[in-house]
Each structure stands twice: as structure tokens, then as C-alpha cells.
Amino acid sequence: MELTINGKVHQVDVDDDTPLLWALRDELKMTGTKFGCGAGLCGACTIHINGNPARACLTPIAAAKGAKITTIEGLSDTGDHPLQQAWVKHNVPQCGYCQSGQLMSAAALLANNPTPSEKEIDSAMSGNLCRCGTYPRIKAAIQDAVHYYNASEQQEKQGGE
Amino acid sequence: MTDNTNAISLVDRRRFLKLAGVSSSGLILGATLPNFQPAWADIAGTAAKDKSAAPLNLFVSIAKDNTVSIVCHRSEMGQGIRTGLPQVVADELEADWDLVEVVQGLGDKRYGNQNTDGSRSIRNFYTTMRTMGASARTMLEQAAAQLWSVPASECQARKHRVHHSASNRSASFGELAELAATQKVPAEDTLVLKTPTNFNYIGKPVATYDTPAIVQGKGVFGQDVILEDMLIASIERAPVLGSKVAAVDDSAARKISGVVAIENMDGGIEPPLFHPLAGVAVIATNTWAAMKARRALDIEWTDTSHASHDSAPFIETLKQRVQQPGKVVTKYGDVASSLASAAYKHSATYSVPYLAHASMEPPSATAVVKDDHCEIWACVQVPQATQQHVANALGLTPEQIKVNVTLLGGGFGRKSKPDFAVEAALLAKKMQRPVKVVWSREDDIRHDYFHAAAASHFESAMDDDGQVTGWQQRTAFPTISGTFANGVEHPSNGELSLGFADIPFDIPHRQCETAPAEYEARIGWLRSVSNIQNAFAVCSFADELAHLRNRKPDEFLLELIGEDRHIDPNQGDFEYGNHGASLKDFPLDTARLKQVLAVTAAKADLTQKGDHVQKAGEGWGIAVHRSFLSYVGIATKVAVENGRVAIKEMHCVADVGLAVNPDRVESQMEGSMVFGMSLALMGGINMEKGAVTNSNFHDYPLLRMQQSPKMSVTLMGTEHAPAGVGEPGVPPVAPSITNAIFAACGERIRDLPVNKHLQLV
Ligand code: FES
Ligand code: FES
């Protein structure tokens, strides 16, 4: 089967019912997407399918066929997505295990809603658990990234005019 | 401070080069770490990426390109130790942090104690790390002195170079490492440590070393290890302690494509130690096939004596037992007569359920076994214990087991038990191929080494003035000792040293007792251990007394604590642990506790005496507790409306002594508040017929972002020696919440979690 991940086409040879999570981690050796619960309860496996956040542990690869999949490895080329920069600035991660999923949920939020309210941040991030308790910093980093993000969007727009 | 005296000696360079296969030369120092003799040192510096790097000592090597590699020998699980320890070395070495590469130390007894637990990495290794850095720096300075034919006293290392200001010369560390090897190793008593005002990194919020990798998904955790030709194992384990496989029908499982083998795992051993549980392992070419086939297994388990264990009635039984006379642990004065002659008496019984660690990364280990050698990659807190237990299981010696510690996706004490690494080793041996054992979330929650369910009972006597004159406390919980020996029913002194026998109150008649509790499931350390139930009960009971006497809780607590003094809990006929430190170096200092209490109380709006119930529905609660040699206070504001409770604000005040990395100390306190809220509000493992009924985050919930309140962290007491950080923030959280709930609505919650009594917003 063909999967389009981070702009590249990959071949995977697994059963149709295999969750995308295991195709990514076992077959494609892309381990940035994490296994936390396997049941859609923790968000550690969050990826984007056609720009929308999805739980890779609940997405059979058959359902991902033909879709544009983005994983943490494809969030930016060099780790300079505004959220990644804000994460570094706020020193967000503790153990780091949940952070791929946190970043992917946050990135989907900002892509669809560049000026989220605190409530909207809470609700977009409510599916992502962090046992280490980095919530206050995640929130602060998202709020900070909103500024970068909007500034760079602005620049892009102006550049296009 | 723990005294990690360093005996530094020059290592035979040729020997080192031969052993390490190093092609260039350099300088090697030896240091005696706690618990081992200098046995220089085939591993020193070999972990550096650049194999031509010159090892300066067990922890430091310098490459010609100026990269300084510093070994972190303790496990990183989110506490920031891969930043904290190397930043101490780098500071004394005068290295430039931007040129530092952190190398994870293998399991090896030459590093000294590697058990990353007890909140002690910094406090036990702070001085050692400084000495390692200082000795390497001194030798670099001596090398420069020789190079320029000037006195060493005129050469000074600064920011990765050694300078001779009189002649305006300087050389980089990389240029000097080779010559430094020929220098005489300075005697320890000649080493000059930097004065704190000259620190570049110690006490500064150095950015976490692994963060740039983590935000790109490049951190390698135990679950992420991939080896050539590797198989994946998923294991169905015995649901009840002591149970074994009686019969298995694996015919359906074998039909699933990708399945390579199905193997019985021996087990059912008691005491459980760190042995794997009995079970049936499905070994497959990929994780999904292993998991799917495992679901198709039909297994019958043998019966065990633990199959009648139901946790809810068990906790009720413990609560009954702690209300009866027990075994005396400490005794001051005459409690019985003080209770008999009291003007007022009050008593209360508290309970905390079994709890699971639920680190975000479920346990995982990968192993390869070849002849008489085994190599492991695992997210363990205890690389040396892993060597030992894997060696025992394979019939090898610990030296034949190489343990690579990956990043840990959280540990909290679960990954101090290397049972999962032993599973991987046994299966890798059977398969003669690399095997990764992948625990699922359900495996993690059901087969944890649980925090013990506990009951506590308190009785106090007060005189006419409201002074507390007598205090009786009793506790019962299955002890961690039961993990290591059969038939132990009373807690160990170690457990009773965690906020039970060492309560810091000045009460003339005081007695601590224990009651028995059966060991029915694997029990282990969970972040702050027995401090959880002890702080919950002690801080709740003190709050109850304050309210009964119409006193402000903080003023009442100040009185209970009494004069500024150093308390010696050994005086009550007790052998006090003090977290492995001496009371001389780390006294139980009521002045520090009271300072933390005062700052904590100031964060809260604790209303005046006689008016403790605040604006309808809102209330503040406080709690303070000393553990892991640190003093932490929590002030919490809650709102209760129509039987629903929300945490509105939480403030942490922490005296942990010198904060080597204040940013990571703050993040640990933030994390402790979240961890404490999870356990207080919604934590609880339920067992029926000996088996855990919870399975995943829907029935073992954790705090989510929308429930996480505004928080602050205030650090104080930084003039003291560094004390524990990872755990001491947790204990005061639960009682601060339940005290706040009482202030808000008059409901006193004595049985955790809160969501058994009130709904959570
Ligand atoms: S692993 Fe997919 S939501 Fe938890
Ligand atoms: S950083 Fe450890 S789980 Fe989030």
C-alpha cells in the first residue's frame, strides 16, 4: 500500500487493519509518533491527516490511503516551526514522551484557528495527556507561538501581494 | 552533604588506549565515587561520539575539535538530570555549555550508585561532579603552563580556553588535552573549587539538553529502540499475584500473519521481586500482529491465595484495624493518660487507594543474547540492578550484561523495577534474535508495582486553652518489603521515616503505631512513596483541629510546629532514615518549615479566626511537608458548586536548598502539582478477585489541561545544600485540596480520591 507521509510516498506491506501508528513505527521506523494508550485516550500518537489532527493508534492504514499525512518529523524541516521554537523557549518538555502529540495537536489548532482563546486551547489540547504535568508551559508556549505564527503568516501574505 | 571523597590518580594511558581503542592521546583522571574503588577505566570516555576524544576522567573527555563529552550516569525521566549533572561539571571545568555533548553512561558499578530514585542525583553527586570538573580544569591549566614555560598559578581556564594574561596567550581545551595527559594529577586537597559568585551555570536556568531533539520527535525512548532483524513480543500476564499458566490454547493466535512464536513465561514467584510475571508471550514480526494474536489466546490460570483480594473491602478492613491498638513505633510521654484527661478529643480516619504510576511511556525493553553476552536497551531507572537481574535470569554474571539506558518517558518509580528487561532477555535468548517487549497501557496499569492502599488514624487530646497535649497516630498499608520477602505485614522503618515517625510537631505526649496489612499485589515506590498517605493524613488532621478550635490553619500549624529547632526523630525509640542523609548535614529544621509555611500562607487568602468558611463556594487550603530533605508548601484555591469541584489556583513554595537548575526545579514542582492533583482528585486502582479492574486512561484518568489551574512556584532557602526535588512537591498537594474543599463547602474528605465524593469540573 502507498502512504503519503510528510510529502513523500512510502510503500508499506502490512494488513489493512494495521493502525497507522504501527505502520509508522514498525515498518517505516518513524518513531517520533508515540504509543501511549492505543485507544484514543492520550494523544501521544497525534498526527495530521489532510491537516486535521488524528490519533494514529485508531486510524487503520486503509483509511489513510490517498491522504496527506504529516507526522512530527514533518512538522518543519529543521525544528523551526513557531511552536517548536516556543517549546524550546519555554523549556516545555520534561520526559518529552507526550510532546510530539502535544505539538501536533497545537499545530493543527493554530493552522485552523490562528487566534485561539484560552478556552479554545484547552479544548483543542484536552485529548493530550502529560503525566509529567507540563500543561502550564504548553499553554504559555502556544500563546506565545500565536504571536510568531500570526507575524509569519502576515509576512507570507504581504510577500504574496 | 554526602561525602564523595575523590582520590584522584593518573591512569595508565597506554592501558586505557588499548582497552578503549582510542587512537589519539589525552589525559585521564580517576576518581573514587561512592561504593566503588578506582579501577581505571576501560569505559572512561568511550561513550563519546568521537572515538578519538581524549578522556580526562570517568565523566569527561575532550575531542580535538573542542567538543567536551560529559557522562550522565543517572537516568533521564523528565527531571532534567542529563542537564543538571553535566552543567555542574561544565561549570567547574570552565567549559562552554554550547560545546558540551552529554553521553548517557552504561550500567556500570564504577559510576557508583545509578539507581535514579529517592530524589538524590544532585544531592549525592553535586560535590563529586564539581571535583571531576575542577581536577580536569587544573590539569588543563598545568598543561598550558608547561607549554608556555610559565607558572601554573598564572594560567587560568576560562570559557573553554586556558589563558596566560601576562603574555597574552591562550589555547583551547582541544589543543591542550593531549599535553594535559602528561601532567601530574592534582591531589584532591589542592583542588580549588570555584566560588559561587563565579558560577557560570550552577544555579542558572540552563536549557534542557534534550529539548531540541524532543520537539522534533528525535528523542529515543525505550519503546523506540529498533534493531536489525528484531522481533516484537506482547505478553499476556497472570492477572493475579502468584498465578501461573495452567493451560493455553493458542491455535487461533498462531494463524495470525506475522506471528513467529508463542512462548510460555515462567513466573508466579513469591516474593515477586523483579521477576517477570507468569504469562504467554506472542512473538511476531510487528507490534500489531503480536497484539492481535495475543487477544486470540485462550489461557487458563492457576488459582492463588490472592484471588480473594478485593481492594474496596480491604481498605475498610485497614480502616478498622488502625482504630485498634497496634505495634508501637515511636513513643514520647504518655499518650494514654493525656487522652484520658483531655478537655477535648478529636479523632479521624483517612484512606488512600492503590495507585498506578502510569508513566506516559509504557515499559519497554529490547535485548540481544549471544552466547555468554547480553545487551539490553531499556527505559530503566536502575541499570545496575538490571544487569544483576538479567544476569540471574540468564545464568550469567552482571559484567556479561551491557545495559544501555534510553530516555525514559516518565518513571516515577515504576521503572526502578526491571522486570520488563528480564522478559526481553529471556525471550531474546529463546529466539536467538533481538526481541523488543512492548508493554501496552493495559499491561502497565494492571501489572504495576502499585502504591500501597493505606489507612491512617489519628486521635488528639487538647487542653482547655486549645493546646494539643496528646497525639496518637496509626497506619496500616501493605509494605514494599513484601516485594522482597514473604509474610511481612508491617511497614519498614524506611517507609515510616517518610512523614510518619518524623512529624515535626511539638506535642509532649505522642505515639506512632502500625497495624498489619496483607501483601496481595506487587507493591512499589511511587513518586514520594508513603509521604503520600502520611502528608494527606497529617495535614488534614491538623487542619481539622484548627477549624474545630476556630483557629486560622496557618497560625495553628505554627503553634503545633513550635520553637525553631532541629528535631531528632531517633529520640522516640526509632531508627530514622532521613532519606539516607545524616541529620547533621540535613537536619529536620523547623525554622525552614515555618518559613515555607509563612510564605505559603501568604499566597492563600486564609480568612480570620472564626470565619474560615469563605465566600460561598470558594475556599483556600494549605499544607506543608518535609520530605527528601526539602520543605514544600502548597496553597490551593477551589470552587465547589452544586457538588462539583474545580481547582482554581495552586501555589507551590519550595525550599530545596541550592537549585542547581532553577528552571528544572520549577518544572518539577509544576509536575508535582499536576501529579498530586491526579492522585488526589481521580486516582484509584481497584482490585476484584485479586485482579485489577482498571485498564486504560478512561478508568484510570489523569488530570487534563482544562482541569489544570493557574500555578506558581516560589523557590527559597537557596543558601542551603541541594536537597531532593523530584518528589517532595507531591505530598502536600492532596491535603491542600481537601483542606480547601472543607473551607469552601464544609465537606471533609478523608477518603481519596475526591471524585468519590464530589464531581470534578
Ligand atoms: S496512543 Fe493514540 S491516543 Fe494514546
Ligand atoms: S513531558 Fe512527560 S508526559 Fe509530557
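Convention: sequence-line order gives letters A, B, ...; per-chain numbering from 1.
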Using modelled atom types only, decide if a donor and an acceptor are shared between the side chain of B/R433 and the backbone of B/D229 within a distance under 3.5 Å. yes
For A/N128, is it the side chain, the backbone, both, or neither that has a heavy atom closer than 4.5 Å to a heavy atom of chain B? backbone
Could you tell me whether the side chain of B/N694 and the main chain of B/D699 form a donor-acceptor pair under 3.5 Å? yes
Check each atom of B/K292 against the heavy atoms of chain A and say whether the ones under 4.5 Å are side chain, backbone, both or neither. side chain
Under 3.5 Å donor-acceptor, B/E361 side chain and B/C379 backbone: no
I'd like to verify something: which residue of B/T287, B/T208, B/T211 has the highest number of heavy-atom pairs under 4.5 Å with chain A? B/T287
Bottom line for A/T78: the part with an atom under 4.5 Å from chain B's heavy atoms is backbone
Among A/G96, A/C37, A/A39, A/G32, who wins on heavy-atom pairs under 4.5 Å with chain B? A/C37
Can B/E727 and B/S528 be counted as having a side-chain donor-acceptor contact under 3.5 angstrom? no
Between B/A358, B/G258, B/G410, who has the most heavy-atom pairs with chain A when the cutoff is under 4.5 Å? B/A358
Of the listed residues (B/N286, B/N696, B/L407), which shares the most heavy-atom pairs with chain A below a 4.5 Å separation? B/N696
Contacting region of A/T18 [heavy-atom separation from chain B under 4.5 Å]: both
Using distance alone, with no hydrogens and no angle criterion, decide if A/T46 and A/R55 have a side-chain donor and acceptor under 3.5 Å apart. yes
Greatest number of non-hydrogen atom pairs under 4.5 angstrom with chain B, of A/K89, A/Q84, A/R137, falls to A/R137
So, the part of B/M291 with a heavy atom under 4.5 Å from chain A: the answer is side chain
Fit a plane to each ring of B/H447 and B/W439, take the angle between them on a 0 to 90° scale, and name the class: parallel (under 30°), tilted (30 to 60°) or perpendicular (over 60°). perpendicular
Chain A heavy atoms under 4.5 Å from B/V206: which part of the residue, side chain, backbone, both or neither? backbone
Considering only heavy atoms and a distance below 4.5 Å, find which of A/E73, A/K119, A/Q102, A/K29 pairs most often with chain B. A/K29
Check whether NZ of the Lys or CZ of the Arg B/R527 lies under 6.0 Å from the centre of the six-membered ring of B/F675 and within 45 degrees of that ring's axis. yes
Need one label for A/E118: side chain, backbone, both or neither, based on atoms under 4.5 Å from any heavy atom in chain B. neither
Sidechain-backbone polar pair: B/E76 side chain, B/R82 backbone, donor-acceptor under 3.5 Å: yes
Using the six-membered ring wherever Trp is involved, compare the ring planes of B/Y209 and B/W97 and label them parallel, tilted or perpendicular (cut-offs 30° and 60°). perpendicular
So which part of B/V438 gets closer than 4.5 Å to some heavy atom of chain A, the side chain, the backbone, both or neither? side chain
Does one side chain, of A/D15 or B/S257, offer a donor that lies under 3.5 Å from an acceptor on the other? yes
Do you know which of B/H357, B/Q668, B/K710 has the most heavy-atom pairs under 4.5 Å to chain A? B/H357
Per-residue contact mode, B/L702 against chain A (heavy atom under 4.5 angstrom): both
Look at A/I72, A/N91, A/L103 and state which one has the largest set of heavy-atom pairs under 4.5 Å with chain B. A/N91
Atom group of B/S678 that falls short of 4.5 Å from chain A, counting heavy atoms: side chain
Just so I understand: if I count every heavy-atom pair under 4.5 Å between each of B/Q223, B/R664, B/E670, B/H698 and chain A, which residue has the most? B/R664
Using non-hydrogen atoms and a 4.5 Å limit, figure out which bit of B/M711 sits close to chain A: side chain, backbone, both or neither. side chain
Would you kindly check if the NZ (Lys) or CZ (Arg) of B/R441 is within the cone defined by 45 degrees around the ring axis of B/F697 and under 6.0 Å from the six-membered ring centre? no
What residue in B/L703, B/D663, B/D210 has the most heavy-atom pairs under 4.5 Å with chain A? B/D663
Which atoms of A/D26 are under 4.5 Å from chain B, going by heavy atoms: the side chain, the backbone, both sets, or neither? side chain
Is there a side-chain contact between A/Q11 and A/E2 in this structure, where contact means two heavy atoms from C-beta onward sitting under 4.5 Å apart? yes
Are the side chains of A/H90 and A/I138 in touch, meaning some heavy atoms are under 4.5 Å apart? no
